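Below: the structure, in structure tokens.
This one's a predicted model, so the numbers in the text were calculated from it and none came from an experiment. We name chains A, B, ... by the order of the sequence lines, and we start the count at 1 in each one. Atom set for the values below is all heavy atoms of this structure, side chains included, hydrogens, waters and symmetry mates excluded.
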Amino acid sequence: MTVELELNELMRVRRDKLAELRAKGVEPFGQKFERTHLSSDILDNFETLEGQAVVIAGRLTAKRGHGKAGFANLQDLKGQIQIYVRLDDVGEENYEIFTKADIGDILGIAGTVFKTKKGEISVSATQVTMLSKSLRPLPEKWHGLQNVELRYRQRYVDLIVNPEVRDVFMTRSRIIRAIRNYLDSNEFLEVETPMMQPIPGGAAARPFITHHNALDIDLYLRIAPELYLKRLLVGGLERVYEINRNFRNEGISTKHNPEFTMLELYQAYGDYEDMLRLTEDLISHTAQVVLGTMEIEYQGEKINLTPPWTRLPMLDAIKQYAGVDFTQITSDEQAREAAKGLGLKVDKDATRGNLINDIFEEFVEPKLLQPTFVIGHPVEISPLAKRNVQDPRYTDRFELFITAREMANAFSELNDPIDQKERFQKQVEQRAGGDDEAHMMDEDYINALEYGMPPAGGLGIGIDRLVMLLTDSPSIRDVLLFPQMKPRD
RNA sequence: GAGCCAUUAGCUCAGUCGGUAGAGCACCUGACUUUUAAUCAGGGUGUCGCUGGUUCGAGUCCAGCAUGGCUCACCA
């Protein structure tokens, strides 16, 4: 970033102070600094620390001068603590560092723990060290940084002045750690598979394209790790998971970011019902570990994550919420009539399976606030899922909805290479017909299946959406440190 | 991609009917050795998002553009 040629007065004043410090032989950008305590250590253990010498460091967030003494607040990883600096205690040179210090500067303070007569636990300084001079003014102490665009573009400022933002990202970290701990203790192996793929598979989505110069080939940023993880089942790894980024070249919204984090896991010799129980257990357990409760509130709505969760066959859901009984509808033609009757825009070669999905999304999805497993998706929209034994028009699959959002997707994995190849073929035809989100043919994946993949259950959970739910965040941008933004200028 | 809304000082925001640009915090000068949204006295620091248009005169009215937010579309 280029330095602005014209500095405003606030920035000029800070640069002047920087120069004055240097002129007095004080280096404004300091070195390694040994702390003995964090703010919370002192606040939580005042009784034992009172009168003891401590060394703390942090950012100056407020300053209250009183002539030849002054108070200030110092913010570190764990919060804030008040410091008290007296000319008589620290001497002329150190006191000048304190008086010259601006809000935003990073200071090191050696001092003694005490409590003021108003009862605030504080550190009375014996030595003040300038560790980093701040050259830009921080937003106002009372309102913080409200401008949403600036909060996302300059997250570092947001994190300094809005403490609740830091809490969200600490919670995010704990959620992911809880998930890893759960899976690790259930014999799942964490693996990493390619982000750059010659054939992007495992989901219906438009990919990002990039180019490898030395190989002179186009590569795609992955839209899902699925096909690679299942190759590992073929290889005998039996229980694998990956928590990592997917990339989809689609619109940006409060629920979508071009790169987002997914958990995918596969369990050999299991099926979608195992995945259902695992999902229920994993998410409720994570809420309990991280939040200490399974009864949460999302944007004013009470959500109860206590198992068991509702299981709702997809056709029952449609009958209940849209009033259409698809057990009586057997042809694509009949399905198109039914969808039209509901006021949906219907493509002239839409299949029965596609329309079941359309009707579901329109009439059922918005109603599913409490955790609900929707079970039994049409095979047309599930090209990687195993068919149901009783009725091969459907798959052994579920999606989990909470707060009307898809949180998880799971199925019994299709391990018949001949059926899989035919389904890819259908996708390729749809692709040729203009559907650029349809799957491409992945010959090597078929090759892997031909060696034999154990029957397996597979599961995907959108981590960002789960974090939104558990941190009561209305936008995905609130749970991503650096959400995608259009560059300025 | 479409609709609606927003954009004024470093930050949070006012700005009436079109008539010389405002407040609080922050900042600067001075006072003050237990304050805490410290206090007291003084000081306004600005490309009113950008470009055009209407007008004697535009922060204000009109058009276009940019960025952002929300909703919808697409999707997880």
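- If you take CD of A:Glu362 and C1' of B:C74, they are 14 Å apart, rounded to a whole angstrom.
- A:Arg86 places its CZ atom 13 Å from the P atom of B:U35, with the value rounded to the nearest Å.
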Would you be so kind as to tabulate the donor-acceptor pairs closer than 3.5 Å made by side chains of residues 78-86 of chain A, with sequence neighbours excluded?
unit_1: A:Gln80; atom_1: OE1; unit_2: A:Thr61; atom_2: OG1; d: 3.2
unit_1: A:Gln80; atom_1: NE2; unit_2: A:Thr61; atom_2: OG1; d: 3.2
unit_1: A:Gln80; atom_1: NE2; unit_2: A:Gln75; atom_2: OE1; d: 3.0
unit_1: A:Gln82; atom_1: OE1; unit_2: A:Arg64; atom_2: NH2; d: 2.7
unit_1: A:Gln82; atom_1: NE2; unit_2: A:Ser122; atom_2: OG; d: 3.0
unit_1: A:Arg86; atom_1: NE; unit_2: A:Asp89; atom_2: OD2; d: 3.2

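- No more than 12 heavy atoms of other residues, nucleotides or ligands sit less than 6.0 Å from atom NZ of A:Lys426.
- The line from OG1 of A:Thr193 to CG of A:Leu229 is 5.0 Å long, rounded to the nearest 0.5 Å.
- Here B:U34 presents its P atom at 12 Å from CD of A:Gln82, a figure rounded to the nearest Å.
- Atom-to-atom, CD1 of A:Ile252 to P of B:U71 comes out at 15 Å; the value is rounded to the nearest Å.
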Candidate pair A:Asn45 and A:Thr48, rule side chain to side chain donor-acceptor pair (under 3.5 Å), full reasoning: CA-CA 6 Å; A:Asn45 301 295; A:Thr48 50; 4.8 Å; no

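- For residues 340-369 of chain A, the set of pairs meeting the ring pair (Phe, Tyr, Trp, His ring centres under 6.0 Å) definition, not counting sequence neighbours, comprises A:Phe360-A:Phe401.
- One can place CD of A:Glu149 at 16 Å from C1' of B:U12, the figure rounded to the nearest angstrom.
- B:C74 atom C1' lies 13 Å from atom CD of A:Glu365, rounded to whole Å.
- Judged by atom type and distance alone, A:Asn8 does not reach the base of B:U45 through any side-chain donor-acceptor pair under 3.5 Å.
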Base-contact (B) and sugar-phosphate-only (S) positions in nucleotides 25-30 of chain B, heavy-atom cut-off under 4.0 Å, - elsewhere: BSSS--

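- Rounded to an integer number of Å, the gap from CZ of A:Phe98 to P of B:U35 is 15 Å.
- A distance of 12.5 Å separates CG of A:Leu469 from CG of A:Asp464, quoted to the nearest 0.5 Å.
- At the phosphate of B:A38, OP1 or OP2 sits under 4.0 Å from a side-chain N or O atom of A:Arg64.
- Between the side chain of A:Gln146 and the base of B:U12 there is no donor-acceptor pair of N/O atoms closer than 3.5 Å.
- Note: CG (A:Asn94) to P (B:U33) measures 19 Å, nearest angstrom.
- The side chain of A:Ile476 has B:A76 as its nearest neighbour among B:G69, B:A76, B:U34.
- When the side-chain nitrogen and oxygen atoms of A:Thr254 are compared with OP1 and OP2 of B:C70, none of them lie within a distance under 4.0 Å.
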